[in-house]
Amino acid sequence: MSTSQTPIIQTVGACQEYKLPRTSLFGQRPVLHALKEVDFYAMEGESVGIVGESGAGKSTLTRILVGMEKPTAGSFKFKDRDVWSSDEEFKLEFRRSVQMVLQNPRSSFDPRMTIAQSLLQPLKGLKIGGDHQARIRQVLDQVGLGKDSLKKYPYEFSGGQLQRVAIARALIPDPKILIADEPVSALDVSIQAQVLNLLNDLVKDLNLTLILITHDLSVVSYVTSRVAIMVDGKIVETGSPKSLFQNPQSAIAKSFVDSVLTVGKGIEGESLFENV
Ligand SMILES: Nc1ncnc2c1ncn2[C@@H]1O[C@H](COP(=O)(O)OP(=O)(O)OP(=O)(O)O)[C@@H](O)[C@H]1O
Ligand SMILES: [Mg+2]
């Protein structure tokens, strides 16, 4: 198979079980099945969304996709190689290639470090050579920030600007895949579109693969071309945002879409999700 037909990242039958605290003195520890045989993939250059209710397993899947957790069953592959059984050299390539943007930029930066120090960390941690200062200036430019940001501390930025810095930090190791877990839900509505436009532009300009996790169907429709709906630890349906949200096939997907659209109705009774 040529690389263009092979997913760049993929889980096959991935399960994740968490042992919960014992409920009685002599009983077994109960097990929570957070992921149940999940087949998920993204092709190189593709933007894929994952939507689902709270507790559906989206962040758990994300932790598997960035290599933070090993699935309790099934496999996890990057470039068609099993990540957990690969050698250290491939693991380092994987860790450079898959980067994450989290929901809340305030809690993802060390408040005592300047932006320059925060951006230097991944270059050192991932053993990346070359001119570090030039690379830092380049990524700041790519996210629309000037080099005057370098001496500043996180508290000196607005939420939207700090999320740009978080995106810059993710871009530093020149990744192939960006995984964004609710990247705009902590931001003011007025700046959400700016950050989403930035992500869209970066995906095109740098030929990135984007995996976007969100509760918000309008966000996922705006940014991605294929979406997976997760319910109770499983992917229940996948398709283009338009077909999936207007015409879900399974009853379980329809019930999810209906519940989100009901919550999303504006006070006038009009849907807030006009572009769905
Ligand atoms: N480390 C853990 N130990 C025990 N249970 C966990 C752990 N991490 C997640 N869970 C449970 O696994 C299930 C899936 O959680 P997960 O955080 O993946 O959901 P989510 O879809 O990201 O939800 P949200 O939209 O609220 O972020 C939940 O029932 C959660 O309580
Ligand atoms: Mg989550």
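Predicted model, so just to flag it, every value in this text is computed and none were measured. All residue numbers in this chain count up from 1 along the given sequence. Order of appearance sets the numbers: ligands from 1, and atoms from 1 within every ligand.
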At what distance, to the nearest 0.5 angstrom, does CD of Glu93 lie from CG of Asp87?
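These two atoms lie 10.0 Å from each other.
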Straight-line distance of Gln10 CD to Phe76 CZ, nearest 0.5 Å:
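Nearest 0.5 Å value for the CD-CZ distance: 10.0 Å.
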Residues forming a salt bridge (Lys or Arg N to Asp or Glu O under 4.0 Å) with Arg106, sequence neighbours excluded:
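Once residues adjacent in sequence are excluded, Arg106 has no partner under the salt bridge (Lys or Arg N to Asp or Glu O under 4.0 Å) criterion.
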With sequence neighbours excluded, residues passing salt bridge (Lys or Arg N to Asp or Glu O under 4.0 Å) with Arg29
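Once residues adjacent in sequence are excluded, Arg29 has no partner under the salt bridge (Lys or Arg N to Asp or Glu O under 4.0 Å) criterion.
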Should the pair Arg164 and Phe157 be classed as cation-pi, given the thresholds of under 6.0 Å to the six-membered ring centre and 45° from the axis?
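Arg164 over Phe157 ring: no.
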Using a 3.5 Å cut-off on N/O to N/O, what pairs does ligand 1 make with the protein? A line per pair would be great.
unit_1, atom_1, unit_2, atom_2, d
ligand 1, 8 (N), Arg63, NH2, 3.2
ligand 1, 18 (O), Ser59, N, 3.4
ligand 1, 18 (O), Thr60, N, 2.9
ligand 1, 18 (O), Thr60, OG1, 2.6
ligand 1, 19 (O), Gly57, N, 3.3
ligand 1, 21 (O), Ala56, N, 3.2
ligand 1, 21 (O), Gly57, N, 3.0
ligand 1, 21 (O), Lys58, N, 2.9
ligand 1, 21 (O), Lys58, NZ, 2.8
ligand 1, 22 (O), Ser59, N, 2.9
ligand 1, 22 (O), Ser59, OG, 2.9
ligand 1, 23 (O), Gly55, N, 2.8
ligand 1, 25 (O), Lys58, NZ, 2.7
ligand 1, 25 (O), His215, NE2, 3.2
ligand 1, 26 (O), Ser54, OG, 2.5

What do you reckon, is NZ of Lys254 surrounded by more than 12 foreign heavy atoms closer than 6.0 Å?
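Not more than 12 within 6.0 Å, no.
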Heavy-atom count around Lys151 NZ within 6.0 Å, excluding the residue itself: above 12?
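No, NZ of Lys151 has 12 or fewer neighbouring heavy atoms, counting only those of other groups under 6.0 Å.
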I want to verify a count. Protein N, O or S atoms less than 2.8 Å away from the Mg ion (ligand 2), how many are there?
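Step by step: take the Mg ion (ligand 2), keep protein N, O, S below 2.8 Å, and you get 1.
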Under 4.0 Å between a Lys/Arg side-chain N and an Asp/Glu carboxylate O for Arg63 and Asp181?
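Judged by the 4.0 Å cut-off on N to carboxylate O distance, Arg63 and Asp181 do not form a salt bridge.
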Main chain of Met230, side chain of Lys58: is a donor-acceptor contact present, judged purely on distance under 3.5 Å?
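No: the side chain of Lys58 does not pair with the backbone of Met230.
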